[in-house]
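In what follows, a structure is listed as structure tokens, so that the remarks can point back to it.
Order of appearance sets the numbers: ligands from 1, and atoms from 1 within every ligand. Remember, it's a predicted structure, so these values are computed and weren't measured experimentally.
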Amino acid sequence: MEDAGLRTWVDQIGNVHGRVEGINATAKALIIGSHLDTVIDAGMFDGSLGIVCAVSALKVLKINGKLENVTRPIEVIAFSDEEGVRFQTAFLGSAALAGTLPASALQISDKSDVTVQDALKENSFEGTEESFLQLKYDQRSVWGYIEVHIEQGPVLESLGFPLGVVKGIAGQTRLKVTLSGAQGHAGTVPMAMRKDPMTAAAELILLLESFCKHPENFIFYDGQCKGFSVESLSQSLVCTVGEIYSWPGASNVIPGQVTFTIDIRAMDDMAREAIIFELSKQMYQACDRRSVSCVIERKHNAEAVMCDDELSSQLKSASYSAMMRMTGEIPDEVPVLMSGAGHDAMAMSHISKVGMLFVRCRGGISHSPEEHVSDDDVWAAGLAILSFLETNL
Ligand SMILES: NC(=O)N[C@H](N)C(=O)O
Ligand SMILES: [Mn+2]
Ligand SMILES: [Mn+2]
């Protein structure tokens with residue numbers, strides 16, 4: 001960031017900022033962001049690609065002597081915790097900045113009972129309520145937020161296009177399900193006398209899969225239900241159990257407790273809530289039949305977000321001219337797509353209009369070391385941001 005001519009600092013939740021004031025330091029700022037954290041066993045483009053593209057574009061402006069003449073401040077923010085792997089609550093960095101996280105978030109703990117506050121203090125941040133609340137940006141100081149991100153899906157590759165504009169981002173909920181039964185000896189307790197939370201978990205996970213494959217079998221409706229149709233719901237509804245552990249975790253012990261996560265997403269917020277309501281009801285009933293106790297906790301929630309029309313059309317034109325610059329040819333219409341993945345833009349939408357650009361990835365693979373974006377596509381994304389800045393600032 002400093003090499004690109006930006007003034008830099010790290011805030012009290014670990015977000016890294018780089019800012020140039022331009023000719024009017026009091027004007028509302030353009031924020032360009034994405035995140036620096038990753039999932040476990042991740043690729044190297046999810047998050048960091050957006051930051052590298054922003055910094056590269058600003059560096060070009062600096063080299064061309066245009067950086068100091070931008071008409072409003074530009075701030076690049078590399079957010080500290082978007083994935084929510086450790087604390088199960090996503091967007092820690094961006095939500096703190098948008099002011100949507102209460103100070104009680106400092107007390108959220110990880111699996112080893114280390115709180116967000118402990119983790120911050122261990123890393124020389126203040127970790128106080130006051131320092132946390134001071135992170136919030138005044139929405140009157142922000143003009144807009146844009147984010148470049150790897151697509152993480154196969155659409156752009158199938159269309160043969162390096163860049164696409166994001167129309168909206170699906171809402172998401174994370175649940176933690178804790179099942180408690182009767183711990184016992186694997187060799188001695190007859191099958192009919194068991195209260196096994198592992199087999200209960202297996203039943204619940206398959207129930208979840210049925211819900212998300214065929215919501216029409218579970219949500220009864222008369223064509224429309226509070227504004228969503230089941231056909232549109234089935235197109236965007238996805239559910240995942242990505243984490244499961246049992247206690248005590250030995251091959252000759254009937255587990256006493258099994259905990260697993262549920263990640264559930266849909267473009268329609270009411271539909272997502274309807275699914276969670278009906279799913280929870282049926283999960284409790286299944287546990288009752290098995291005499292296993294069930295606790296369902298909501299760990300994270302983010303409503304769906306629609307991107308701003310004007311920012312989207314500016315990003316579309318910028319992508320178009322980036323492709324022209326690269327190939328010298330007139331490209332086809334830039335694709336517009338929905339995002340099933342969550343992004344810092346969701347948190348930033350609480351204080352600003354948001355726009356997003358997706359970058360094609362190989363095989364649609366992400367959250368895997370196999371994740372890959374070609375050098376040319378990284379170049380296209382950087383050029384698109386440059387073109388956006390040259391045209392709009
Ligand atoms: N783009 C992403 O991978 N973001 C999220 N953390 C997600 O779970 O979608
Ligand atoms: Mn990710
Ligand atoms: Mn990401």
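- Residue-ligand proximity, His343 to ligand 1, at heavy-atom distances under 4.0 Å covers atoms 1 (N).
- Under 2.8 Å from the Mn ion (ligand 2) lies an N/O/S atom of His367, whether from backbone or side chain.
- Checking Thr173 against Arg272 by side-chain atom types alone, a donor-acceptor pair falls below 3.5 Å.
- At a threshold of 2.8 Å, the Mn ion (ligand 3) has no backbone or side-chain N, O or S atom of Glu82 nearer than that distance.
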(message) One pair to check against ring-ring contact (aromatic ring centres under 6.0 Å, His included): Phe358 and His343. What are the steps and the verdict?
(response) CA-CA 11 Å; Phe358 269 172; His343 298 288; 5.6 Å; yes
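- Among the candidates Lys111, Lys299, Lys176, Glu243, the single residue satisfying the side chain to side chain donor-acceptor pair (under 3.5 Å) test with Gln88 is Glu243.
- Taking distance alone, with nitrogen or oxygen atoms compared against 3.5 Å, Ala341 stays at or beyond that limit from ligand 1.
- When only interatomic distances are considered, the shortest N/O to N/O separation between His367 and ligand 1 falls below 3.5 Å.
- The number of heavy atoms from other shown groups lying within 6.0 Å of NZ (Lys167) does not exceed 12.
- Protein heavy atom closest to atom 1 (N) of ligand 1, with residue, atom name and distance, is Gln152 OE1, 2.7 Å.
- Here atom 7 (C) of ligand 1 lies nearest to Arg265 when heavy atoms of Arg265, His149, His300, His35 are compared.
- If you put the vertex on the Mn ion (ligand 2), OD2 of Asp46 and OE2 of Glu83 sit 100° apart, to the nearest 10°.
- Residue contacts with ligand 1 for Val39 are absent, since no atom lies close enough (heavy atoms, distance under 4.0 Å).
- In this structure, Cys294 has no disulfide (SG to SG under 2.5 Å) partners at least two apart in sequence or on a different chain.
- A donor-acceptor pair shorter than 3.5 Å can be found between the side chains of Glu147 and Ser34.
- When hydrogens are left out, the protein atom nearest atom 5 (C) of ligand 1 is Glu82 OE2, 3.2 Å; that is the closest non-hydrogen contact.
- Inspection of the Asp46 and His149 side chains reveals an N or O donor paired with an N or O acceptor under 3.5 Å.
- Ligand-side atoms of ligand 1 in range of Glu83: 3 (O), 4 (N), 5 (C), 6 (N), range being under 4.0 angstrom from any heavy atom.
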Distance-only check: which donor-acceptor pairs under 3.5 Å involve side-chain atoms of residues 121-129, not counting sequence neighbours?
unit_1, atom_1, unit_2, atom_2, d
Asn123, ND2, Ala119, O, 2.7
Thr128, OG1, Ser131, N, 3.0
Thr128, OG1, Ser131, OG, 3.0

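- Counting heavy-atom neighbours within 6.0 Å of Met44 CE, excluding the residue itself, gives a total of 12 or less.
- Atom 4 (N) of ligand 1 has its closest protein heavy atom at Gly342 O, 2.9 Å.
- Among the backbone and side-chain atoms of His343, no N/O/S atom is found under 2.8 Å from the Mn ion (ligand 3).
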